[in-house]
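Encoded as structure tokens, the structure appears first; notes follow it.
What you see below is based on every heavy atom in this structure, not just the backbone, and it leaves out hydrogens, waters and symmetry mates.
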Amino acid sequence: MQFPELKNDRYLKALLRQETDTTPVWIMRQAGRYLPEYRATRKQAGSFLDLCKNPELACEVTLQPLRRFELDAAILFSDILTIPDAMNLGLYFAEGEGPKFKKPVRTQADINKLFVPDPTESLSYVTDAVTLIRQELDGQVPLIGFSGSPWTLATYMIEGGSSKDYHHSKGLLYSDPKALHQILDIIAQSVVVYLNAQIEAGAQSVMIFDTWGGVLSPSAYEEFSLRYMQQIVEQLTREYDGKKIPVTLFTKGGSQWLEQTAATGCDAVGLDWTISIDEARNRIGDKVALQGNLDPNVLYADPEIIQQQVKHLIDKFGPHNGHVFNLGHGIHQTVNPDHLKVLVDAVHDYGRKIRS
């Protein structure tokens, strides 16, 4: 399928460490509950899961933040748990409790039932949404596709939902590592197929969210999380329709493994707010681009403080190529949208100044 020519490519250029006119910016969870129009669309859909599975409404909420803010990328509106849902584990969302699975994976018999979902069948609503969003963007900005990491998806599948101590997942890690590797290998294969399908449908960059990698010990992280993300990076489509497809890896709480993450072959590493971006750059040089990493709570401050914090972070990175400005994690649902506009405008304004 032919899509319109891209008008604003500074996000893709930054990921490839090429020169840009200013610092590009997008925000994790930029399509979300802090926007009243999102809340209205979600109500129209009936539920969060119904919203995710309706390509037209998923497209609508993906585009909503771009109508308010001069963001440099759109990100597919979906959920990281689409893959385990397609494995028939019975995903549902309990009011006030987050995601849950009716059939958690805890025994060898459970593991034997796992399979790699065909994205053209049980996940076609995602690829349909990608194509529709790409068409509706009309070349305005690039579209980011994404998936959860194998370890992060495994924690939800094994715990049966969210967890505070991950005792089922980490218990399996230590008591039966072979079984956990079996689960992770099936998920990794699924992520490769899923992300490559998103790329074929129109995603111009992809990101892997390793939300819970930071709960692991250093040796466990490398064996049970990073190893599988590297496996995915090596098997992803890195060029499509004559264009490079940059890959970003993000581990929340993962700053101690920066060097190892940068060595996976990814194009960019996402940073949470617990590391200074200049330290990150000093440690890995210009081997990869960096994404991040403002504390999301800065958005509760007065506009002048938001502007100061933006300037401080950009100064820390310096006038180098390869910085995508973002929060260190998702935007909070109670943030005033006007404060995000202050941030986006400040990034672009100061990003131009530091390059002049």
Side-chain angles (χ1 to χ4, degrees), residues 6 8-28 30 71-76 141-147 149 195 198-199 203-210 213 226 229-230 232-234 236-240 243-252 254-294 310 312-330 343-344 347-348 350-352 354-355:
L6 189 59
N8 173 358
D9 63 353
R10 62 170 72 109
Y11 162 75
L12 297 176
K13 281 184 171 180
L15 289 183
L16 298 172
R17 305 183 309 286
Q18 297 170 0
E19 189 173 338
T20 56
D21 61 326
T22 187
T23 304
V25 54
W26 71 275
I27 301 297
M28 286 190 269
Q30 64 189 27
L71 296 156
D72 294 297
I75 183 165
L76 163 71
V141 293
L143 174 61
I144 306 167
F146 74 91
S147 171
S149 73
L195 288 179
Q198 290 184 37
I199 291 166
Q204 291 150 288
S205 171
V206 293
M207 182 164 170
I208 298 172
F209 288 92
D210 186 30
L226 191 63
M229 288 196 288
Q230 177 158 3
I232 292 164
V233 169
E234 290 170 352
L236 283 176
T237 300
R238 302 299 290 274
E239 187 170 315
Y240 190 79
K243 305 287 186 183
K244 289 185 177 178
I245 309 292
V247 180
T248 303
L249 301 184
F250 171 71
T251 295
K252 186 183 177 189
S255 59
Q256 63 180 306
W257 303 294
L258 272 180
E259 293 85 353
Q260 295 95 318
T261 307
T264 59
C266 66
D267 297 285
V269 175
L271 305 173
D272 68 15
W273 64 90
T274 62
I275 182 172
S276 177
I277 201 165
D278 58 335
E279 179 193 335
R281 193 171 190 283
N282 288 339
R283 282 169 56 185
I284 59 178
D286 59 0
K287 185 171 184 176
V288 296
L290 293 176
Q291 177 180 281
N293 62 332
L294 192 71
V310 165
H312 177 71
L313 198 153
I314 292 176
D315 279 337
K316 285 281 188 182
F317 187 85
H320 312 289
N321 297 333
H323 181 207
V324 174
F325 198 102
N326 207 312
L327 303 179
H329 202 240
L343 180 145
V344 171
V347 171
H348 286 152
Y350 194 68
R352 286 189 182 89
I354 202 170
R355 285 165 175 77

Quiz item: Taking only residues two or more places apart in sequence, or in another chain, which ones meet I245 in a side chain to side chain contact (heavy atoms under 4.5 Å, CB included)?
Solution: I199, Y240
Quiz item: Distance from L249 atom CG to Q260 atom CD, nearest 0.5 Å?
Solution: 12.5 Å
Quiz item: At their closest point, which heavy atom of T248 faces which heavy atom of G270, and how far apart are they?
Solution: CG2-N, 4.0 Å
Quiz item: What orientation do F317 and H323 show, parallel under 30°, tilted 30 to 60°, or perpendicular over 60°?
Solution: parallel
Quiz item: Considering only heavy atoms from C-beta outward, does the side chain of H329 approach that of F250 to under 4.5 Å?
Solution: yes
Self-check item: Least distance between heavy atoms, N321 atom then R17 atom
Solution: CB-O, 3.4 Å
Quiz item: Do I208 and L195 have side-chain heavy atoms sitting under 4.5 Å apart?
Solution: yes
Quiz item: To the nearest 0.5 Å, what is the distance between CE (M207) and CG (L76)?
Solution: 13.0 Å
Quiz item: Are any side-chain N or O atoms of S205 and backbone N or O atoms of P246, one a donor and one an acceptor, separated by less than 3.5 Å?
Solution: yes
Self-check item: N326 side chain vs M28 backbone, donor-acceptor pair below 3.5 Å
Solution: yes
Quiz prompt | Over all atoms of both residues, closest heavy-atom pair of L313 and F325 | solution = CD2-CE1, 3.9 Å
Exercise. Measure from the side-chain N and O atoms of D72 to the backbone N and O of V25, and report whether any donor-acceptor pair falls under 3.5 Å.
Key: yes
Self-check item: From CG (L15) to CZ (R10), nearest 0.5 Å
Solution: 13.5 Å
Quiz prompt | Heavy-atom closest contact (Q291 atom, W26 atom, distance) | solution = OE1-NE1, 3.1 Å
Exercise. Measure the CD1-CG distance between I277 and D315 for me, rounded to the nearest 0.5 Å.
Key: 11.5 Å
Self-check item: Identified side-chain contact (heavy atoms from CB on, under 4.5 Å) partner of T251 from the options D210, L226, L271
Solution: D210
Quiz item: Is there a donor-acceptor pair closer than 3.5 Å between any side-chain N or O of Q30 and the backbone N or O of A73?
Solution: yes
Quiz item: Of all heavy-atom pairs between D272 and G254, which one has the smallest distance, and what is that distance?
Solution: OD2-N, 4.3 Å
Practice problem: Check for a donor-acceptor pair, side chain of D267 on one end and backbone N or O of V247 on the other, with a separation under 3.5 Å. | Solution: yes
Self-check item: Set of residues satisfying side chain to side chain contact (heavy atoms under 4.5 Å, CB included) with respect to E234, sequence neighbours excluded
Solution: Q230
Self-check item: Any donor-acceptor N/O pair, D286 side chain to G322 backbone, under 3.5 Å
Solution: no
Self-check item: Side-chain donor or acceptor of R283 paired with backbone N/O of S255 under 3.5 Å
Solution: yes
Exercise. Might you point out which heavy atoms bring D9 and L6 nearest each other, and give the distance in Å?
Key: CB-CD2, 3.6 Å
Self-check item: Backbone of T20 reached by a side-chain donor or acceptor of R355 within 3.5 Å
Solution: yes
Quiz item: So do Y11 and V141 actually touch side chain to side chain, heavy atoms under 4.5 Å?
Solution: no
Exercise. State the NE2-CG distance between H320 and L290, to the nearest 0.5 angstrom.
Key: 10.5 Å
Exercise. Report yes if the side chains of V269 and T264 come closer than 4.5 Å at any heavy-atom pair, otherwise no.
Key: no
Quiz item: Are the side chain of T22 and the backbone N or O of H348 linked by a donor-acceptor pair below 3.5 Å?
Solution: yes
Quiz item: Could you give the distance from CD1 (I354) to CD1 (I314), rounded to the nearest 0.5 Å?
Solution: 7.0 Å
